[in-house]
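Below is one structure; the comments refer to it alone.
For reference, positions follow the sequence shown, starting with 1. Reckoned from all heavy atoms, side chains included, excluding hydrogens, waters and symmetry mates. Read the numbers this way: they start at 1 and go in the same order the structure lists the ligands and their atoms.
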Amino acid sequence: MRNGDSWTEGQNSLTTLTSSMTTGPTSLTAVPQTNKNKNSNKYVAGTKRNGVTKPFGYKLDPLELTNQSSYKTRSMPRSSDSIDSDRRVSFREDIEDHSDTSQASMDSDLKQTTDLPGQTQCRTANGGPEKGPQVSAKEPSNKFLDAARPGAMTWRKAASEPVLSGAGREDVDRFADDVNFDRTERFGSGNYGFDYEPTGRKYTAKPLRATFGSSTSLSTNTENSDDTDDVFNVILRVRPLNAQESSRRDTFSADFPGDGQVSINNSGTIRNFQFNVVFEPDADQQDVFESSGIKKLVEGALNGYSCTAFAFGQTGSGKTHTMTGPPAQFHTVGVTPDPNMYGVMQRSFKYLFQILKKQRTLKLVKASFLEVYNEQVIDLLNNSHRKYLTIRWSKNKGFYVENLFTVECETIDDLMAVLEEGLRNRQTGSHGLNEFSSRSHSVLTVTIDSETQPEPEDENLYITKRGKLSFVDLAGSEKVRDSTANGGPGMVESNSINKSLLVLGNCISHLCDPKKRQGHIPYRDSKLTKLLADSLGGNGLTLMIACITPSSSNVTETLNTLRYASRAKRIKTKPTIKMDPREKLIMTLKKEVKILRQENHYLRQQLDFPAKPRGQLQKENDEKFRKFMKEQHQKETGLYDMLQEYMIENEALRAENSEMHSVKENSRREQQILYKENEKLSGRLEELERLMAENPGTWSFGDHRRTDGYGQHDLSPVGSPVTAGYVTPSHRSTLRPIGATLIVNSSKLPSPVVHGQPMRPPHRLPDHVTRPAPRPVEYIEGNNQSNGPTSPRLSSLVKPGVISPRFTDRKSSQLSQTDVIRGMNEKLKQDLLELDGEIQHQTRIAAKNNNCR
Ligand SMILES: Nc1ncnc2c1ncn2[C@@H]1O[C@H](COP(=O)(O)OP(=O)(O)OP(=O)(O)O)[C@@H](O)[C@H]1O
């Protein structure tokens with residue numbers, strides 16, 4: 001025996017384990033094994049039969065389905081006389097028959113739902129709720145109509161004759177108007193279709209299958225689907241009045257206005273509800289299978305999603321009938337189950353194996369079956385000791401049942417055997433409302449492991465997806481009074497059923513409230529909700545099948561069920577594919593690599609590198625690319641030398657530039673100092689001259705001549721005001737020639753006439769000295785570089801003609817400019833000294849003359 005769910009144990013757990021059921025002489029072999037194919041370095045599922053391990057694909061051999069002896073050796077033991085082979089053979093034949101006829105349309109089966117056989121007709125309401133039955137003014141009850149979904153519909157048996165036959169276009173139009181269809185629906189994919197003759201003149205109206213449940217409406221191929229609208233569906237099945245109810249003359253309390261609506265008459269008060277699909281009492285098992293959406297769940301599980309179908313409702317309302325067929329046929333000795341009465345479970349198994357047979361890919365199908373009875377989990381496939389199993393929780397798996405027996409199912413027979421074995425072991429009891437009442441919640445889980453190649457071009461990458469298909473048949477909610485009457489089951493049984501259903505209701509109301517959904521969901525309050533946590537609030541596809549009885553005597557329970565279902569209708573889940581965490585990581589990395597490759601490709605384009613094609617040729621191209629780069633390197637050796645030259649040259653230029661910068665800075669500073677000094681000297685000269693001009697009689701200048709002429713001194717920076725004037729006696733004391741002391745008594749200063757001549761105009765510096773030095777011509781126009789290129793290669797890059805012919809060297813230009821200013825400075829000092837000396841000389845003469853007088 002091995003644990004049922006070994007998902008997080010990864011591939012290592014898939015070791016060959018052969019275990020036998022211990023419940024009878026004929027054993028069911030459980031071979032959950034995987035052989036590692038060393039050549040391909042990937043895992044291949046295998047099976048052990050009669051000691052021989054065969055590749056997993058073996059079980060998809062068509063012969064297998066008709067191999068009677070193989071079936072018999074693997075049949076499940078029964079406590080009663082063995083009649084199973086006949087039963088199963090008949091169902092298998094049924095599969096074969098159907099597969100023959102439906103095989104051709106398998107493709108379309110997977111894409112869209114099939115047409116009705118013709119004896120059923122879809123009826124649609126003519127105008128929605130307002131045209132439905134009268135709603136009591138006292139108690140308006142349309143609140144459950146709010147979440148109606150497009151495609152909601154009602155199934156009702158109709159006359160086998162088409163509604164319109166041999167009618168012309170006008171008739172069809174009139175008919176379409178009558179049933180309130182718009183034009184697009186008339187000839188499109190609405191609930192009615194029209195066959196017409198080649199002439200186009202004659203039409204036959206025919207009802208089409210419901211679009212609900214179509215596999216095309218769910219994007220099951222995406223890893224994380226965004227389609228949250230069509231993943232939690234609620235359908236309603238109303239059973240007919242049974243013999244007991246009819247004999248009591250119970251009235252039929254349900255009405256079906258169409259469009260998936262149902263109205264319940266509770267003693268004159270009408271309550272309306274709406275679901276994805278409503279099956280009226282005369283819908284048969286095949287109708288329910290075809291139009292409930294269960295096919296979509298099977299397909300989802302094959303694609304790696306967790307899918308759950310669960311039936312709920314009052315006791316005796318038809319849950320087990322819908323899921324597996326009439327319970328009597330599994331519990332009555334000597335009765336052969338009628339394949340026509342098989343429920344959605346058997347039909348789903350058949351559909352699953354039909355797809356597997358068609359796909360012929362590596363798939364590993366395993367099944368487990370358990371029940372929750374009086375809040376205890378019991379393995380229905382290994383219940384010889386009826387041990388209670390523990391529910392545990394792990395980060396990767398969520399809630400799971402420890403030590404649950406799992407059977408590998410190679411064929412549909414294996415799966416059928418699992419179902420029958422479990423049903424036989426399930427707790428049933430008889431009470432006033434149901435002779436074969438299920439006293440427990442049962443969960444049959446089919447897991448489908450499939451290896452897929454996420455990227456067709458990558459032959460070595462395989463990922464394993466685990467899809468899960470669970471069928472849950474809940475114990476019926478019941479009034480303890482009713483169920484314990486007539487020697488019914490005990491209070492404990494009823495209470496535990498009701499309690500777990502209450503917790504389920506709580507979880508549903510939390511899940512359908514957007515605010516509460518973010519918080520704590522009380523899954524842990526019951527074993528049932530722990531097991532359903534994944535289906536209710538998880539990442540899967542869920543189908544709730546609400547079952548009700550139309551009997552007026554059970555209207556309160558019926559309304560409870562409908563409210564329950566309406567609330568559940570608002571639950572939204574987001575389906576995601578379950579993968580092994582390691583494989584998930586590989587996928588993530590793979591995606592990253594893909595993105596990086598794209599980026600790389602883009603950059604290559606930008607840099608004019610040769611593009612690396614993606615996909616299967618990647619390796620080959622990588623090699624080519626390496627070769628190309630090698631060649632390029634060889635070709636580019638000359639370029640490399642050039643690059644080195646450039647680098648050396650660049651370094652030299654940097655050093656030169658740096659030197660030039662420091663020379664420039666020094667000379668700029670020196671010039672500034674000289675400017676300032678010149679300014680001072682010039683100021684002193686001006687003052688001295690002004691002083692002499694103011695006292696012309698006192699001064700005579702003899703031969704003192706300015707070589708530079710007379711005028712304004714402009715030694716200040718460009719733009720500063722220029723002062724001009726003569727040296728006045730009052731300012732004599734301020735005249736301080738550099739290196740000499742001017743001793744002048746201003747009050748006794750002579751007139752500024754020197755040797756009988758008026759004093760000369762103030763000293764003026766030549767223009768080229770006072771103005772800032774002209775900017776040296778730049779080497780390249782618009783380029784501030786202070787140096788020219790020394791490299792012949794770089795020189796050749798410079799356009800001829802832009803180099804100034806006068807330009808030789810910026811450094812010398814800087815220096816010459818400083819020299820000019822320095823020369824001027826010298827000259828000013830000279831002038832000042834001369835003037836100062838003359839003044840002193842004149843002063844002495846004047847003093848001498850005064851003494852003589
Ligand atoms: N749609 C139907 N058509 C004909 N018979 C039905 C239908 N639904 C239920 N029945 C019959 O009604 C009886 C009770 O049905 P069933 O056992 O499936 O109810 P249940 O909801 O599973 O009850 P419980 O919760 O007690 O197990 C069965 O004999 C079943 O065959």
Side chains of Thr549 and Glu245, donor plus acceptor under 3.5 Å
yes
Identify the residue among Ser247, Ser551, Ser552, Pro281 that makes a side chain to side chain contact (heavy atoms under 4.5 Å, CB included) with Leu241.
Ser551
For Ser553 and Arg248, which I'm curious about, is there any donor-acceptor pair between the side chains at under 3.5 Å?
yes
With heavy atoms and a 4.0 Å threshold, my read on which part of Pro240 contacts ligand 1 is side chain
Just to be sure I'm reading this right: ignoring hydrogens, which of Asp282, Asn242, Leu241, Thr320 gets closest to atom 22 (O) of ligand 1? Compare them by their nearest heavy atoms.
Thr320
Look at the aromatic rings of Phe275 and Phe273 and report parallel, tilted or perpendicular, splitting at 30° and 60°.
parallel
Does some non-hydrogen atom of Arg439 fall short of 4.0 Å from ligand 1?
no
Below the 3.5 angstrom mark, is there an N/O of Pro326, backbone or side chain, next to an N/O of ligand 1?
no
Ser317, portion touching ligand 1 at heavy-atom distance under 4.0 Å:
both
Does some non-hydrogen atom of Gly316 fall short of 4.0 Å from ligand 1?
yes
So is Ala475 polar-close to ligand 1, meaning N/O to N/O under 3.5 Å?
no
What I'd like to find out is whether the side chain of Leu415 reaches to under 4.5 Å of the side chain of Leu352, using heavy atoms alone.
yes
Could you tell me whether some N/O pair between Val238 and ligand 1 is separated by less than 3.5 angstrom?
no
Cation-pi geometry met for Lys295 and Tyr351 (6.0 Å, 45°):
yes
Quick one: which ligand 1 atoms are inside 4.0 Å of a heavy atom on Gly476?
25 (O)
Quick test of your reading of the structure: of His321, Met323, Arg239, His441, whose heavy atom lies closest to atom 30 (C) of ligand 1?
His321
Should Asp534 and Lys468 count as an ion pair when the cut-off is N to O under 4.0 Å?
yes
Classify the ring geometry between Phe349 and Phe471 as parallel (under 30°), tilted (30 to 60°) or perpendicular (over 60°).
perpendicular
Ligand 1-proximal atoms of Gln314, by part, heavy-atom distance under 4.0 Å
backbone
Any Lys/Arg nitrogen of Asp473 or Arg426 sitting under 4.0 Å from an Asp/Glu carboxylate oxygen of the other?
yes
Can you name the atoms of ligand 1, numbered from 1 with element, that are less than 4.0 Å from a heavy atom of Arg237?
1 (N)
Are any of the N/O atoms in Lys319 less than 3.5 Å from those in ligand 1?
yes
Under 4.0 Å from a heavy atom of Pro327: which atoms of ligand 1 are those, numbered in the order shown and with their elements?
17 (O)
